[in-house]
2 protein chains.
Amino acid sequence: MPTIQDVAARAGVSVATVSRFLSGQTVRSADAVREAVDALGYRPDVAAQAMRTGRHSAVGVIVPDIGNPFFAAIVKGLAQGIPDGGLHMLLASSEESAQLEARLLADLDSRVDGYVLAPVNEQDRLPLELVRRGVPVVLLDREVDGGEDCDVVLVDNAGGAASAARHLLDLGHRRIGVISGPANTTPGRERREGFLSVLAEHDVVVEPGLDLVGDFLEESGRRLTEQLLALPERPTAIFTANNQMTVGALRALQAASVPVPDEISLIGFDDLTLGGLLQPPLTCVVRDEVRQGRTVMELLVERLGHARLAETPQVPPRRVVLETTLLVRGSTATPRQEA
Amino acid sequence: MPTIQDVAARAGVSVATVSRFLSGQTVRSADAVREAVDALGYRPDVAAQAMRTGRHSAVGVIVPDIGNPFFAAIVKGLAQGIPDGGLHMLLASSEESAQLEARLLADLDSRVDGYVLAPVNEQDRLPLELVRRGVPVVLLDREVDGGEDCDVVLVDNAGGAASAARHLLDLGHRRIGVISGPANTTPGRERREGFLSVLAEHDVVVEPGLDLVGDFLEESGRRLTEQLLALPERPTAIFTANNQMTVGALRALQAASVPVPDEISLIGFDDLTLGGLLQPPLTCVVRDEVRQGRTVMELLVERLGHARLAETPQVPPRRVVLETTLLVRGSTATPRQEA
DNA sequence: ACGTTTTCTGTAAACGATTACAGCAAGGAG
DNA sequence: CTCCTTGCTGTAATCGTTTACAGAAAACGT
């Protein structure tokens with residue numbers, strides 16, 4: 001690996017000149033330096049640069065589960081949002097563990113210029129600590145308590161859930177099961193509230209047995225759906241608040257041989273990889289995950305640019321809420337007429 | 001951020017002692033140093049370490065498409081394979097472009113200790129250049145020409161495809177469409193060959209119009225399936241060589257209202273995220289993607305350990321082939337009796 | 001008590017870049 | 001022709017570690 005010394009020697013100038021040339025300053029011997037750089041195939045040593053300047057041209061990305069196709073799509077978007085060259089992504093998976101998240105953050109601390117975080121829960125204080133230290137952070141899909149100072153890119157959880165509720169009401173459903181996520185996560189809370197508030201507006205009561213809280217994982221979707229099916233009076237429709245719980249619900253319904261949508265309608269928040277190929281195709285509230293990831297990275301890159309100029313505090317925190325769309329396919333229908 | 005200097009000052013020793021303590025050597029003033037480290041919350045600066053030692057405690061991961069759930073599962077496995085702490089993953093997506101791949105490799109060059117690569121094609125020379133320079137590399141799911149010197153973790157492509165072929169033959173199919181991947185990729189080539197060789201053994205001929213080569217993307221699966229459906233004499237079964245082309249095939253079959261498996265049986269290599277929830281559930285050749293990822297990372301970590309001791313050449317290259325399993329679900333059946 | 005070996009310590013030199021500083025050349029104004 | 005300004009340049013300090021080297025302290029045998 002040639003160093004800047006080698007380039008300087010070959011070009012017959014000092015290292016300072018080479019460095020300046022590379023950072024875009026005008027230099028008398030530009031041609032000679034360019035030639036030397038090309039001939040030697042010189043590339044600056046990132047570690048040395050980082051040590052001297054404190055900037056690493058890398059960002060840390062911590063998602064709760066990289067194996068989840070939803071986050072895979074998000075990460076794809078993040079990658080797209082990275083400008084031309086030189087900026088890199090350090091990816092880690094917190095496996096929904098606050099402890100692991102804390103360790104990962106500590107490990108990444110001296111290697112990145114900023115973070116993309118999907119915090120484990122809203123009580124998570126770590127993101128705010130970072131922000132207070134002046135580290136650029138953009139939250140992904142989840143907010144944290146008191147996190148007004150922090151950039152965040154959400155989707156319209158309440159609005160999307162509300163549109164799902166309206167859709168079911170329009171079809172004539174009045175007895176609806178709700179499987180939401182943890183109340184201390186943004187999507188868990190907002191989707192439940194958005195859904196229930198629309199029902200309340202239309203004087204539809206959701207009794208406790210129909211208002212269930214899961215953990216966003218497939219297994220809980222399955223279990224809670226079974227619970228709904230075991231009720232003396234089953235709901236005519238079910239709303240599941242995320243993709244994995246929707247899968248669980250599908251499994252439970254299939255296992256119990258409940259015809260969808262004839263017997264029970266199902267509507268989910270977020271699409272499944274093959275949602276349109278299912279029989280029936282899944283009706284759901286969708287969003288553009290790749291775009292969401294791209295937006296997150298764009299915000300972060302912008303903030304990194306400012307941090308470079310030491311004007312972090314000046315940039316006001318931004319809260320981007322992306323739209324959702326109700327995608328009506330085949331898993332919802334008018335409720336069966338009971339005797 | 002406290003430096004090693006601060007720790008040394010507080011503990012009343014020299015920086016050398018602190019450094020030695022941290023690297024596990026016995027030190028007279030261990031207690032004092034430990035106290036200072038804890039009290040100050042000292043963490044070594046990775047950039048400085050990297051610059052001094054040349055080791056970055058990071059590996060580069062380049063996959064063709066991180067948005068593909070298959071690679072997401074692989075990456076999950078990679079993350080699991082990382083030992084306790086300090087080693088990180090720089091993730092990048094080559095988008096199946098050799099050019100981008102080259103650029104990414106160049107960018108990552110001075111930041112990582114080793115690579116996990118899923119090369120764009122088998123003619124790709126970059127991985128071997130790295131190996132020749134003594135850089136630890138483990139190939140993922142795809143080999144490269146002349147890459148005998150390189151660790152690689154594959155699945156039994158030929159064997160898996162062969163089991164699919166036998167399954168179709170057992171059911172009585174004789175007119176079978178094959179949609180394989182690019183001949184210059186390992187999975188593309190091996191799966192086609194494995195499949196066809198079994199047919200050949202049983203004297204089943206696959207005429208040119210039934211032996212199609214796609215590009216592993218959904219769209220090509222769709223288009224080639226349409227092509228098969230347009231034949232004067234349609235096949236009674238179709239084999240698709242990867243997950244995305246299977247999705248394309250499903251779409252085409254559904255669009256043409258071809259009942260599966262009654263009219264045409266479908267079998268794919270690799271499962272789909274919801275393969276079991278489809279109607280009919282998909283019959284396919286499956287593997288454990290997470291395990292494959294984990295294995296890759298374990299090989300790499302091992303090689304990194306040896307590189308540290310400057311004995312890279314001594315470690316012979318390893319070629320791990322993971323098993324596949326034929327998962328018979330509902331998308332294959334005996335061919336319809338023709339008049 | 002003394003020499004010898006062993007173990008630990010501190011000093012200082014790297015690693016490869018950026019940049020403050022001071023110096024020098026070129027160009028313009030008088 | 002001199003002086004001042006402008007624009008580049010090179011020297012050297014610096015970032016935070018690790019580690020070769022040499023020297024001091026401890027441990028040991030006699």
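Sequence lines set the chain letters: A, B, ... in the order given, protein chains first and strands last, and positions in each chain run from 1. Keep in mind that what you see is a predicted model, and the values were worked out from it rather than measured. Below, each value reflects all heavy atoms present in this structure, side chains not excepted, and no hydrogens, waters or symmetry copies.
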Closest approach to the side chain of A/Arg20, judged atom by atom: which nucleotide of C/dC8, C/dG16, C/dC21 is it? C/dC21
Between A/Glu289 and A/Lys76, does any NZ, NE, NH1 or NH2 come within less than 4.0 Å of an OD or OE carboxylate oxygen? no
Starting at CZ of B/Arg111 and ending at C1' of C/dG16, how long is that distance when rounded to a whole Å? 15 Å
Basic-acidic side-chain contact under 4.0 Å: B/Glu96, B/Arg142: yes
For A/Arg28 and A/Ile4, take the nucleotide of DNA chain C holding the closest heavy atom to each; which residue's nucleotide lies nearer the 5' end? A/Ile4
If I take atom CD in residue B/Gln25 and atom P in nucleotide C/dT7, what distance separates them, rounded to the nearest angstrom? 13 Å
Side chains of A/Arg55 and A/Gln49: donor-acceptor distance under 3.5 Å anywhere? no
Rounded to whole Å, CD of B/Gln49 lies from C1' of C/dA14 at a distance of 16 Å
Side-chain heavy atoms of B/Tyr42 within contact of B/Ile4, under 4.5 Å: yes
Residues B/Asp151 and B/Arg318 bridged, charged N to O under 4.0 Å: yes
Rounded to the nearest angstrom, tell me the gap between atom CG in A/Leu22 and atom C1' in C/dT18. 11 Å
When all nucleic acid strands are considered with a 4.0 Å heavy-atom cut-off, which category describes B/Ser19: base, sugar-phosphate, or nothing? base
Taking 5' to 3' order, which nucleotide of DNA chain D is first and which is last to have an atom within less than 4.0 Å of a heavy atom in chain A? D/dC8 to D/dG16
Let me know the distance between CZ of B/Phe21 and C1' of C/dT9, rounded to the nearest Å. 16 Å
Taking the nucleotide of DNA chain C with the nearest heavy atom to each, does B/Met51 or B/Val13 sit closer to the 5' end? B/Val13
Would you compute the distance between atom CG of A/Leu40 and atom CZ of A/Arg10 and round it to the nearest 0.5 angstrom? 5.5 Å
Salt bridge between A/Arg125 and A/Asp145, side-chain N to carboxylate O under 4.0 Å? no
Calculate the interatomic distance between A/Leu40 atom CG and C/dA17 atom C1'; express it in whole Å. 16 Å
Both A/Thr26 and B/Arg52 contact DNA chain D. Which one's nearest nucleotide lies toward the 5' end? A/Thr26
So what does B/Ser29 touch, heavy atoms closer than 4.0 Å: a base, only the sugar-phosphate, or nothing? sugar-phosphate
The side chain of B/Ser14 lies closest to which of these nucleotides: C/dT19, C/dT11, C/dG16? C/dT11
Select base, sugar-phosphate, or nothing to describe what B/Val27 touches, counting heavy atoms under 4.0 Å on all strands. sugar-phosphate
Using atom CZ of A/Arg43 as one end and atom C1' of C/dG16 as the other, report the distance to the nearest whole Å. 16 Å
